[in-house]
Student: 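Take this structure first; my questions come after.
Proteins get letters first, then strands, A, B, ... in listed order; numbering begins at 1 in each. Just so you know, these numbers come straight off a predicted model, no measurement behind them.
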Amino acid sequence: MQYVIRRLIFLIPTLLSMLIGVFMLLHLTPGDPVEMLLDIDTAYVPKEQLDLIRKDLGLDRPLYEQFFRYVSRVIRGDLGTSYRSKLPVTQHVRSAAVPTLHLALGGMIIALLIGVPAGIVSAVKPNTLTDYVTVTLSMIGLSAPTFWLGILLIYVFAFRLPWFPMIGDGAGSAISVLKHLVLPAFVIGVHSAALLARLTRSAMLEALSQDYIRTAHSKGLMPRVVIIRHALRNAAIPVVAAAGTMFAYSLTGSVVVEMVFSRRGLGYLMVGAINGRDFPLVQGLILVFGTAIVLTNLVTDLLIGAIDPRVSHG
Amino acid sequence: MRKSFVYLLTSLVILGVVLSGCGPTPTIEPTKAPTPTKAPEATKPPAPTDTPKPAPTPTVKTKKKLTWAFAMGTNCLDPAFQTGIPDSNNIMNIFNSVVAPKPGSLTEVAPGLAERWEVSADGTVYTFYLRAGVKWHEGYGEFTAQDVKYSWERVMDPATKALGTPALKVVKSIEVVDSRTVRVTLKNPQPGFLINVAFTPNTNIVNKRAIEERGKDFCLKPIGTGPYRVVKAETNGGVTLAANDDYFGGRPAIDEVELRVVPEESVAVLALKAGEIDYMIVREPANITELRKAQGVVVNGDDKFAASIYALWLNNTRKPFNDVRVRRALIHAIDRETLVREATEGMLIRVAHSVVPPALVGHTDDVVKYEYSPEKAKALLAEAGYPNGFKITVDSMKTAFNPIMLTIVQNYWKKVGVELEINYLDRAAIRQHQGEGNYDITVANPTRAEVDMIMDYFRCGQFPPGPNMALYKGPCELIEAQATENNPQKRIEILKQIQQQIAIDAPVVPLWYVIEVSAARNYVKGMIPNAGTWTTRFHLFDIQK
């Protein structure tokens with residue numbers, strides 16, 4: 001428990017330094033938020049009105065003051081309001097988090113279901129046809145660009161064969177959400193599955209060559225028991241660590257998939273916020289992403305502790 | 001064993017907390033206290049409700065629904081705060097202004113909330129005679145002259161912080177003569193006033209009571225008088241409109257119009273081909289070509305309605321562009337006929353010679369034309385003191401026609417010794433550079449319904465941050481004169497002189513007149529080529545399967 005608290009406390013400096021970085025970057029990047037709001041040349045808007053809008057957004061204050069005001073608000077749990085929509089950032093995040101979480105979970109499930117068994121099979125039968133096929137497929141899965149794969153899947157499974165919808169994240173029924181989820185989750189999942197398969201394969205190969213495996217075999221245990229109970233449990237550690245990182249990645253890095261499949265998730269929100277120079281929204285999203293990554297890593301570490309009794313978080 | 005169990009349990013708890021924290025929350029609707037749905041002084045028995053009443057759909061007929069796609073979602077449907085194409089487009093269907101765009105014309109307007117109007121002899125006083133019996137959506141009562149005064153003064157008041165008031169900045173005062181007559185006095189005569197009003201989304205008339213009652217929620221739950229009312233609108237997301245049964249122009253043929261956000265245009269193209277959507281705006285040349293080949297799809301776009309001039313804006317205050325010979329040489333160096341054909345993949349688009357687009361008042365083709373001639377270009381460059389050419393940079397966004405156009409231009413210019421470096425930036429960065437006048441060349445295609453607003457791009461008093469991106473000092477007095485010239489014939493004559501002078505001075509490299517290309521399933525009827533994306537008017541459409 002102490003370990004968890006210590007890790008959570010460590011979250012604060014991490015987030016703060018991230019925030020400083022993002023804040024500086026945003027203000028150094030060319031582009032005026034007011035101009036982006038107007039969608040028209042500022043020349044058409046009276047100066048006094050521009051000043052009012054700027055003042056309203058707090059952009060008339062010195063940079064350090066803007067930063068401290070922001071941080072003090074964040075500490076009170078207020079992420080501010082979006083320049084563009086005038087809605088609280090938390091509200092934006094909450095509604096966009098749903099499709100992204102679905103996507104990340106769906107992708108993870110697909111990755112685990114495909115990647116781990118594939119890795120085991122190819123490790124158990126190294127240098128056979130099965131092994132070569134698995135390794136080649138995982139190579140393709142790894143190198144297929146997300147964008148290309150997304151469009152390809154839409155073309156084949158939504159356009160040529162109208163099995164799945166092309167646009168959106170589905171609303172209302174669970175069936176609709178699932179239908180909208182299959183293709184994008186597959187895109188995310190394939191990439192992770194390829195990585196997991198390779199990782200599982202090498203970890204399993206290493207584990208299978210250990211003495212205790214030979215001992216287990218010579219004790220007369222069934223091969224399946226040796227592979228699952230003895231080898232996989234040891235091989236699982238790097239795999240779980242990698243899967244955790246992948247999950248965090250798909251929470252934050254599924255921008256391309258969300259754009260291709262028109263899912264209004266966090267990545268889509270982020271792109272719009274950056275293009276529109278919607279500073280509070282970008283900063284809020286960075287905070288959420290940072291927290292998500294740190295927490296996912298924490299969960300991963302705890303899981304590893306659960307699997308591997310040698311790891312101690314005392 | 002017990003220790004590992006504790007770890008597993010803790011991690012599951014944390015995962016649970018994380019997931020529930022950002023997981024599906026019961027309400028995504030604005031968390032603010034629900035605004036009073038019943039007005040205290042409700043004048044009519046059917047009290048306005050936020051939940052749309054089930055439209056009295058005819059049971060025999062199937063519901064006609066049009067789904068269209070755009071790359072951006074909605075933000076705010078309040079005319080004062082709209083930003084971006086999907087908003088302005090929906091606003092033009094939810095609200096009305098006193099006058100409306102006349103279908104298929106950019107030189108005339110049609111009656112809107114005003115049945116007719118009178119203009120004083122000196123062109124400064126407009127009297128609008130308003131329609132009787134126009135009803136606001138959702139039982140918000142009847143439209144009156146007071147609404148016009150309120151709406152326009154609201155947008156003009158700096159305290160409202162409306163996002164831009166280009167059409168109304170000339171207005172001096174608004175006076176309610178009686179409940180059906182409103183008199184608008186301008187600071188100076190402005191012949192383009194009505195066209196500006198018809199095409200500018202923030203001149204649309206809003207309902208005071210609804211704005212006061214709904215506050216911030218008015219953005220997504222607006223009340224208008226237009227052919228469609230809002231059923232559902234989501235921030236960053238889609239909008240669903242339903243036909244207004246009481247629309248003064250008659251109930252629209254299409255019962256429901258839904259905007260769906262599709263950020264990736266090639267996906268929208270597949271969706272249109274598959275019939276998952278019915279209508280879209282197309283930007284990427286390759287997609288236009290693909291849709292023209294597709295079965296069951298009609299592609300619309302007519303050069304006659306071009307309201308946009310696509311040009312390379314040379315910074316006339318910088319070397320080497322401060323020399324008119326260099327500017328002319330750069331135009332001579334490009335085979336624009338081939339450029340247009342290649343870049344637009346054979347669309348019927350004309351090469352631009354004049355800077356005024358063809359659909360606008362006063363356009364003329366009777367200007368100096370710089371034919372393709374690398375020899376002339378080289379001679380002019382040598383004359384100007386650049387026999388070996390020079391190196392310049394262009395700022396551009398990586399969208400629509402820009403990349404292919406710039407690559408072709410780059411090749412043509414290379415042949416006369418001019419080396420072009422292409423600097424791709426995002427929109428915000430481009431706008432900042434444009435505002436500072438900080439570039440050699442910048443790419444833009446201003447789209448305006450009123451010729452005076454195109455003139456802003458060449459006005460002497462409009463150097464950056466104003467829109468005069470070429471930093472060009474040309475026929476200053478003439479440009480001011482046309483803006484206030486009340487006699488239409490005289491104005492056209494002045495505009496002709498201006499266009500001729502600009503062509504001689506060559507402050508920009510005119511490329512072509514951009515048209516708005518839309519595509520639809522072939523059962524969508526009544527489409528009128530768009531002057532600009534923001535003017536798609538769905539009540540003129542029909543679906544005939």
Student: Hey, is A/Arg277 close enough to B/Asp426 for a salt bridge, meaning N to O under 4.0 Å?
Tutor: yes
Student: Counting only heavy atoms closer than 4.5 Å, note whether B/Ala162 contacts chain A via side chain, backbone, both or neither.
Tutor: both
Student: Please indicate whether B/Lys172 has more than 12 foreign heavy atoms, meaning atoms of other residues, nucleotides or ligands, lying under 6.0 Å from its NZ.
Tutor: no
Student: About how many Å separate NZ of B/Lys216 and OG of A/Ser85, when rounded to the nearest 0.5 Å?
Tutor: 8.5 Å
Student: Using only atom types and a distance under 3.5 Å, with no angle test, would you say the side chain of B/Glu264 pairs donor to acceptor with the backbone of A/Val260?
Tutor: no
Student: Any carboxylate oxygen within less than 4.0 angstrom of a Lys/Arg side-chain nitrogen, looking at B/Lys161 and A/Asp56?
Tutor: yes
Student: Kindly check if the number of other-residue, nucleotide or ligand heavy atoms within 6.0 Å of CD1 (A/Ile175) is above 12?
Tutor: no
Student: Taking the side chain as everything from C-beta on, heavy atoms only, tell me whether A/Ile53 gets closer than 4.5 Å to B/Leu163.
Tutor: yes
Student: Compare all side-chain heavy atoms of A/Ser262 with those of B/Pro263 and state whether any distance is below 4.5 angstrom.
Tutor: yes
Student: Step through the shown structure and confirm whether more than 12 heavy atoms of other residues, nucleotides or ligands are within 6.0 Å of NZ on B/Lys65.
Tutor: yes
Student: Non-hydrogen atoms of chain A under 4.5 Å away: do they reach the side chain of B/Ile277, the backbone, both or neither?
Tutor: side chain
Student: For atom NZ of B/Lys187, decide whether the heavy atoms of other residues, nucleotides or ligands shown that lie under 6.0 angstrom number more than 12.
Tutor: yes
Student: Evaluate the side-chain proximity of B/Leu270 to A/Met166: yes if any heavy-atom separation is below 4.5 Å, no if none is.
Tutor: yes
Student: For the interface with chain A, which of B/Val262, B/Asp157, B/Thr74 has the highest count of heavy-atom pairs at distances below 4.5 Å?
Tutor: B/Val262
Student: About how many Å separate SG of B/Cys76 and CG of A/Leu87, when rounded to the nearest 0.5 Å?
Tutor: 9.5 Å
Student: If you take all heavy atoms of B/Asn236 and A/Arg264, which pair is closest and at what distance?
Tutor: O-CD, 3.1 Å
Student: Counting only heavy atoms closer than 4.5 Å, note whether B/Asn75 contacts chain A via side chain, backbone, both or neither.
Tutor: side chain
Student: Would you say A/Ile151 and B/Ser266 make side-chain contact, with heavy atoms under 4.5 Å?
Tutor: yes
Student: Pick whichever of A/Phe159, A/Tyr155, A/Phe147 has the most heavy-atom pairs under 4.5 Å with chain B.
Tutor: A/Phe159
Student: What part of A/Pro165 lies closer than 4.5 angstrom to a heavy atom of chain B: side chain, backbone, both or neither?
Tutor: both
Student: In the structure I gave you, are the side-chain heavy atoms of B/Arg427 and A/Met36 within less than 4.5 Å of one another anywhere?
Tutor: yes
Student: Kindly indicate whether the side chain of B/Val267, heavy atoms from C-beta on, has any atom under 4.5 Å from the side chain of A/Phe261.
Tutor: no
Student: For a 4.5 angstrom cut-off between non-hydrogen side-chain atoms, does A/His92 reach B/Thr235?
Tutor: yes
